[in-house]
Number of protein chains: 2
Amino acid sequence: MASRSASSTAATSDKVGVICRALRRAIIEQALEPGVKLPEDSLGERFGVSRTIARHALGQLAAEGLVELRRNRIAVVATPSWQEARDAFDIRIELERLVVRQLAGKLTKGQVAELNAHVDAEDRARDGTDAVSIRLATEFHILLANMTSSPILVRYVSEVAYRCCLTLSLYSRPHSSECAINEHRAIIAALVKGDEAKVMGLMHSHLDSVANRALVAPAPRRGRDLLEILAPYAEEGERGRVVKLPKVIRTR
Amino acid sequence: MASRSASSTAATSDKVGVICRALRRAIIEQALEPGVKLPEDSLGERFGVSRTIARHALGQLAAEGLVELRRNRIAVVATPSWQEARDAFDIRIELERLVVRQLAGKLTKGQVAELNAHVDAEDRARDGTDAVSIRLATEFHILLANMTSSPILVRYVSEVAYRCCLTLSLYSRPHSSECAINEHRAIIAALVKGDEAKVMGLMHSHLDSVANRALVAPAPRRGRDLLEILAPYAEEGERGRVVKLPKVIRTR
DNA sequence: GCCCGCTGAACTGCATGCAATTGAGGCGCT
DNA sequence: AGCGCCTCAATTGCATGCAGTTCAGCGGGC
């Protein structure tokens, strides 16, 4: 797999990265729900690349825990167990405490503005779908991690945050994540003030309450058509020839 | 990349996993030093597989941060910067505190025996090469992580520990890691006693001192022949046909 | 003698082809 | 009708081939 530079799947114009990002986003927005099948050729066709590339992308996502790969079987969107979800949140708490510890009192004006703008966007998205709210909330944390400019930390926080996000789509009841916005604002304020202990505590309880609100009970899911689902995710750089979508495959 | 089940590169008999494990071990034992080139075909030939598979393995290792992949360029063993090394240790400290917190007072007799046996092995390896000592020390921490039976935690701890290990080969002076053995024993003792706070503190200072002992100054490295270096790492399951080693390629 | 541009071998990026595996539907048996 | 076997289409595992990129080494100009 391949060809994303060391840290996250970043370098534009490598096709593996494009597919990874598209699928990642589709997964965390719950367009692709846990258990949905991801056949290599359908993916390849959808993105206008060969199976080889689709395969690389799936491998990458499997390494991140978003996709499950079993030998000789069709890849599926991962279905983390309740325990794994809990573990992921525990790890996330520690990592994000590290993030805010490094950031406390060190944010530039521009960074603060960026964070505020993001939270404003979260606010505006309240009217929209649940999935978008969840994605934005997750991205707030990733934005924060990015400001540490520690590539390793960024990668781990992103990964575990995406995993948690996936989890939410499995176990949380609808509309349970809205109140988090105020907590985000409080974290920004504490970061600006520079009180390390305070902000670490805030982050800890924020994530803890998200986890507790979320991890309640599983719910069954309906199947949908893969190619159709992916439609809004295929652009990303406008590679022009995102080809036909030929046969329609009922997945799952 | 592919075909290792969700967590670490595990399932035996998938060729990608075999290569990953071999390279990982070669890297952390410093047989493959940072900067050494890893051409896909040489790897493939060495392990008796096609470039495709070698490529998958490299991708996997790149995702773990052990290998650097630049588009259209030969992959090389990663050369983490001093700052990245420091970051990796910071993350590692938090993660391993989580490990011992979960483990304190919960180890079975069998697990304690296993840990003691491992430390004994570390002791015996004192006479051997530096590289083996470092590998064993790293594996102690991974062994510990495994006992949490949290796949996610295991994966992250392993990854970051390997990274730190790689770092040591770049920045540490020789024979700086020996005294860690006693600290390992102390950690086991505290885990058995079940004092969470104590063992978290021990682990913290242990890793902190390893980091501080280690991160001193870079040193230049000599080049060696890739195929020759890999010889001792090629077995792993005895796939019989690990083929010829035809042309000899000076790497680096 | 030194620097720069050129050329070809080495290598990667990607697609495709073939063999092996899987599992879903159909058929017969009870 | 219900149950199990068998067959075949769908799909993965892997190797190989071709095109494009990189780089090392060489030759010419200054």
Side-chain angles (χ1 to χ4, degrees), chain A residues 1-5 9 11-20 35-62 67-76 223 225-227 237 239 241-243 246-252, chain B residues 1-5 9 11-20 35-62 67-76 223 225-227 239 241-244 246-252:
Chain A
M1 110 130 27
S3 17
R4 90 233 68 47
S5 57
T9 307
T12 90
S13 148
D14 92 302
K15 315 196 183 176
V16 173
V18 171
I19 299 181
C20 276
V36 170
K37 288 180 184 174
L38 303 168
E40 295 175 0
D41 3 5
S42 310
L43 248 37
E45 254 169 311
R46 187 66 193 81
F47 289 94
V49 299
S50 78
R51 282 203 306 123
T52 309
I53 304 306
R55 185 183 183 72
H56 274 283
L58 287 173
Q60 182 67 212
L61 294 171
V67 158
E68 274 166 31
L69 239 38
R70 289 117 81 215
R71 192 178 174 84
N72 287 322
R73 312 282 307 279
I74 302 177
V76 297
D225 177 61
L226 175 59
L227 298 176
R239 300 205 42 70
R241 58 193 259 291
V242 182
V243 296
K247 45 186 171 177
V248 167
I249 301 172
R250 264 288 133 187
T251 56
R252 188 160 192 211
Chain B
M1 140 103 19
S3 18
R4 93 235 64 49
S5 57
T9 308
T12 90
S13 149
D14 92 302
K15 314 197 183 177
V16 173
V18 171
I19 300 181
C20 277
V36 169
K37 290 180 183 172
L38 303 169
E40 294 174 359
D41 353 355
S42 310
L43 249 38
E45 255 170 311
R46 187 67 192 81
F47 289 94
V49 299
S50 78
R51 282 202 309 122
T52 308
I53 304 304
R55 185 183 183 71
H56 273 282
L58 287 173
Q60 181 68 210
L61 294 171
V67 158
E68 273 166 30
L69 239 37
R70 289 117 81 214
R71 191 174 174 87
N72 287 321
R73 313 280 307 277
I74 302 177
V76 296
D225 177 60
L226 175 59
L227 298 176
R239 300 204 44 68
R241 58 192 259 291
V242 182
V243 296
K244 43 268 184 178
K247 46 184 171 177
V248 168
I249 301 172
R250 262 293 129 185
T251 56
R252 191 166 190 203

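- If you take CZ of B/Arg55 and P of D/dT16, they are 16 Å apart, rounded to a whole angstrom.
- Taking side-chain N and O atoms only, B/Arg71 has a distance below 4.0 Å to OP1 or OP2 of C/dC14.
- Spacing between atom CZ of B/Phe47 and atom C1' of D/dC14 amounts to 17 Å, rounded to whole angstrom units.
- Atom CG in A/Asp41 sits roughly 9 Å away from atom C1' in D/dT12 (whole-Å rounding).
- A straight line from CD of B/Glu68 to P of C/dT12 spans 15 Å, rounded to a whole angstrom.
- A/Ser42 OG to A/Arg51 CZ: the interatomic distance, rounded to the nearest 0.5 Å, is 11.0 Å.
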Check your understanding: Does the pair B/Leu43 and B/Arg55 meet the rule for a side-chain contact (heavy atoms from CB on, under 4.5 Å), with working shown?
Key -> CA-CA 9 Å; B/Leu43 249 38; B/Arg55 185 183 183 71; over 6 Å; no

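- The heavy-atom pair separating B/Cys20 from B/Leu61 by the smallest distance is O-CD2, 4.0 Å.
- We find the CD1-CD distance between A/Ile19 and A/Gln60 to be 12.0 Å, quoted to the nearest 0.5 Å.
- If you measure from atom NZ of A/Lys37 to atom P of C/dT22, you get 14 Å, rounded to the nearest angstrom.
- Across all their heavy atoms, A/Gly44 and A/Ala54 have their closest contact at N-CB, 3.9 Å.
- If you measure from atom CD of A/Glu40 to atom P of C/dT21, you get 16 Å, rounded to the nearest angstrom.
- Here the C1' atom of nucleotide C/dT12 and the NE2 atom of A/His56 are 11 Å apart, to the nearest Å.
- When all heavy atoms are compared, the tightest approach of B/Gly59 to B/Leu69 is CA-CD2, 4.0 Å.
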When you compare the protein's N or O atoms with those of nucleotides 17-19 of chain D, which come within less than 3.5 Å of each other, and at what distance?
residue, atom, partner, partner atom, Å
D/dG17, O6, B/Arg51, NH2, 3.1

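- Distance CD1 (B/Ile19) to P (D/dG13): 15 Å, rounded to an integer number of Å.
- Of the candidate nucleotides C/dG13, D/dA15, C/dA24, D/dA15 has the atom nearest to the side chain of B/Val49.
- Closest to the A/Ser50 side chain, of the nucleotides D/dC14, D/dT11, C/dC14, is C/dC14.
- In the set C/dC14, D/dC14, C/dC11, D/dC14 carries the atom at the smallest distance from any side-chain atom of B/Ile53.
- Checking A/Val76, A/Leu38, A/Ile53 one by one against A/Leu58, the side-chain contact (heavy atoms from CB on, under 4.5 Å) holds for a single residue, A/Leu38.
- Along DNA chain C, the nucleotide nearest to A/Asn72 and the one nearest to B/Arg70 differ in position, and the one closer to the 5' end is contacted by B/Arg70.
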